[in-house]
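Residue numbers begin at 1 in each chain, while the letters A, B, ... track the order of the sequences.
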Number of protein chains: 2
Amino acid sequence: MASAEGLHAARSRGRNTRQLVHEVLRSRIVGLELEPGSAVSENDLAAELGVSRTPVRESLILLADEGLVDIYPQMGTFVSRIRERDVASAQFIREALECAALREAVGKATARDVAELRVLLTAQEEADRQSDMEGFFQLDEEFHARLMAASGHASAWPVVSQAKAQLDRARRLSLPLTQQMSLLIGQHREVVDLLEQGDLDRADASLRSHLRLVFSDVEKIRAKHPELFSDEDTPLKPRRDSARRTASRGDG
Amino acid sequence: MASAEGLHAARSRGRNTRQLVHEVLRSRIVGLELEPGSAVSENDLAAELGVSRTPVRESLILLADEGLVDIYPQMGTFVSRIRERDVASAQFIREALECAALREAVGKATARDVAELRVLLTAQEEADRQSDMEGFFQLDEEFHARLMAASGHASAWPVVSQAKAQLDRARRLSLPLTQQMSLLIGQHREVVDLLEQGDLDRADASLRSHLRLVFSDVEKIRAKHPELFSDEDTPLKPRRDSARRTASRGDG
DNA sequence: GCTGACGTACTTGTATGGTAGCCGACCGAC
DNA sequence: GTCGGTCGGCTACCATACAAGTACGTCAGC
């Protein structure tokens, strides 16, 4: 992959190595490129990305703070399994903040806000037609972010985004059901319509049920991919991957 | 100060140096021991705490993520000034999450939950009698945390706590008005009463007005201590402290 | 006195070395 | 066959060294 070169190429654009590595890793984890439970070694990542261990380590500390990796000193760092508690917590946070923002946005959102939201809806429909799941995910993220921005609380979005990351890992597995996309888009449209009409309570209810649908998806996924989840309060056995690197030696 | 020794003494108790340093710094910043705008040098802190730059640096990165310090590469790290935007954002987040939790807690909180909250109320009154501001701050924090826990969303508390940190820095200056304490305690009691009575809407309204009172305090403080605040979107002139360390040499 | 170039001392960013601790495989004892 | 000790290799943690860059004091020139 060109991630190593891309890293240094983009580095000149103001962001330092730590931030670059952080973004790369976060993207890989949320995008399930790095599966829950898999080990992420400072050394391996540093070697792969062509940087030293320091920025990698600092990124991992930030990711641990976000709940995306678990660091066990002297044992290893592992992509965190999806925990029942974390998902419920993330859903609660997201619902509370997005709905509260929407309630404030009603009567405050400008015509321009609504117009920009509708542009995103159109783009989402296009992504649906092309079965572009990755594109839809990004547009979905932007839609919800702008919805919050319309309330004047754009600066609270990072908090939602962080909570959302926990949910998105699971959602990534569920969405292949393409029919879901059009359903979600319809709900988006309903929210925008009600926002424009100034119907506060129905807009709130609409967004809330939309978010809960997403939440219920996660539960379905759990049945299909239990290995990505963790019930335990003490998942203290991440188990080191015993595939020795001597395998490349081919002895034997 | 015994902070350096205390650091290593407590280190054996499971937490590593990074976490210890993080807690110390966070406490100093929220407690205004480190004033907004003041410089915090990795080297100086490392020397003072008797550790290397690494854990200090990692702590500062976490604090920057929390919005408590601003890191300017090759320039310095400074305790962030209180920004209008951050305070408003923190208030929005806190209000949305705490009120949403309270609404869920109504009808769900056990008798034991209520009893434990009342114990805290009693302790707060005692702190008031003794004019123990520091104690009251801790009891206030615990009260709100337990209130959220009663809703079953204790794991969402760290998010509130982080937002609260922005508000607390300013509050710390306002509370010396001792009469405020009893007022706040009365509001706490009202919330618990309404929670126990199962009066959802009035409990919500009561907590909301309580939180807004706290918020309005911040505005008063701004008038008295403008140097701790920052309107600027680009406060790009933190200005290095020009007090040379050669002062200790005593030459001249 | 004022202005501008320069040098020094500081800053954070990155790279690397050494340490303590844990896991898991191996191997001898029973 | 089963259990217990040992040892190798890995881990994250912390310390340290080097690099890139900024700000400020100093001083020469005007």
**OP:** Counting heavy atoms from C-beta on, name the nucleotide in C:dA15, D:dA12, C:dT14 closest to the side chain of B:Arg53.
**Re:** C:dT14

Original post:
Side-chain N or O of B:Thr77 less than 4.0 angstrom from OP1 or OP2 on C:dT12?
Top reply: yes

Subject >> Gap between atoms CG and P, on B:Asp70 and C:dT11 respectively (whole Å) >> reply: 17 Å

Original post:
Has A:Arg172 got its NZ or CZ under 6.0 Å from the middle of the six-membered ring of A:Phe137, at an angle within 45 degrees of the ring axis?
Top reply: yes

**OP:** Give a yes or no answer on whether the side chain of B:Ser59 reaches the backbone of B:Val21 with a donor-acceptor pair at less than 3.5 Å.
**Re:** no

Original post:
In whole Å, what is the span from the CG atom of A:Asn16 to the P atom of C:dG13?
Top reply: 6 Å

**OP:** Enumerate the residues from residues 54-63 of chain A whose closest heavy atom to DNA chain D is under 4.0 Å, giving them by residue number; use none for an empty result.
**Re:** A:Arg57

Original post:
Roughly how many Å is it from CD1 in A:Ile71 to P in D:dT11, rounded to a whole number?
Top reply: 14 Å

Subject >> Between P of C:dG17 and CG of A:Asn43, the distance in whole Å >> reply: 12 Å

Original post:
Just how far, in rounded Å, is P of C:dA15 from CG of A:Leu49?
Top reply: 11 Å

Subject >> Check: B:Asp113 main-chain N/O paired with B:Glu116 side-chain donor or acceptor under 3.5 Å >> reply: no

Subject >> Spacing between B:Glu42 atom CD and C:dT14 atom P, to the nearest angstrom >> reply: 11 Å

**OP:** Might you work through the salt bridge (charged side-chain N to carboxylate O under 4.0 Å, His left out) test for B:Asp86 and B:Arg81, ending with a clear yes or no?
**Re:** CA-CA 10 Å; B:Asp86 290 350; B:Arg81 285 199 164 78; over 6 Å; no

**OP:** Would you indicate whether A:Glu35, at its atom CD, is surrounded by more than 12 heavy atoms from other residues, nucleotides or ligands within a distance under 6.0 Å?
**Re:** no

Subject >> Whichever of B:Val40 and A:Ser52 has its nearest DNA chain C nucleotide further upstream toward 5' >> reply: B:Val40

Original post:
Rounded to the Å, how far apart are A:Tyr72 OH and D:dT11 P?
Top reply: 16 Å

Original post:
Heavy atoms under 4.0 Å, any strand shown: does A:Arg18 hit a base, just sugar-phosphate, or nothing?
Top reply: sugar-phosphate

Original post:
What's the CD-P distance between B:Gln74 and C:dC10, to the nearest Å?
Top reply: 16 Å

Subject >> Candidates B:Leu45, B:Val69, B:Val40 - the one meeting side-chain contact (heavy atoms from CB on, under 4.5 Å) with B:Leu25 >> reply: B:Leu45

Subject >> Sole residue of A:Ile221, A:Asp140, A:Val30 in side-chain contact (heavy atoms from CB on, under 4.5 Å) with A:Arg171 >> reply: A:Asp140

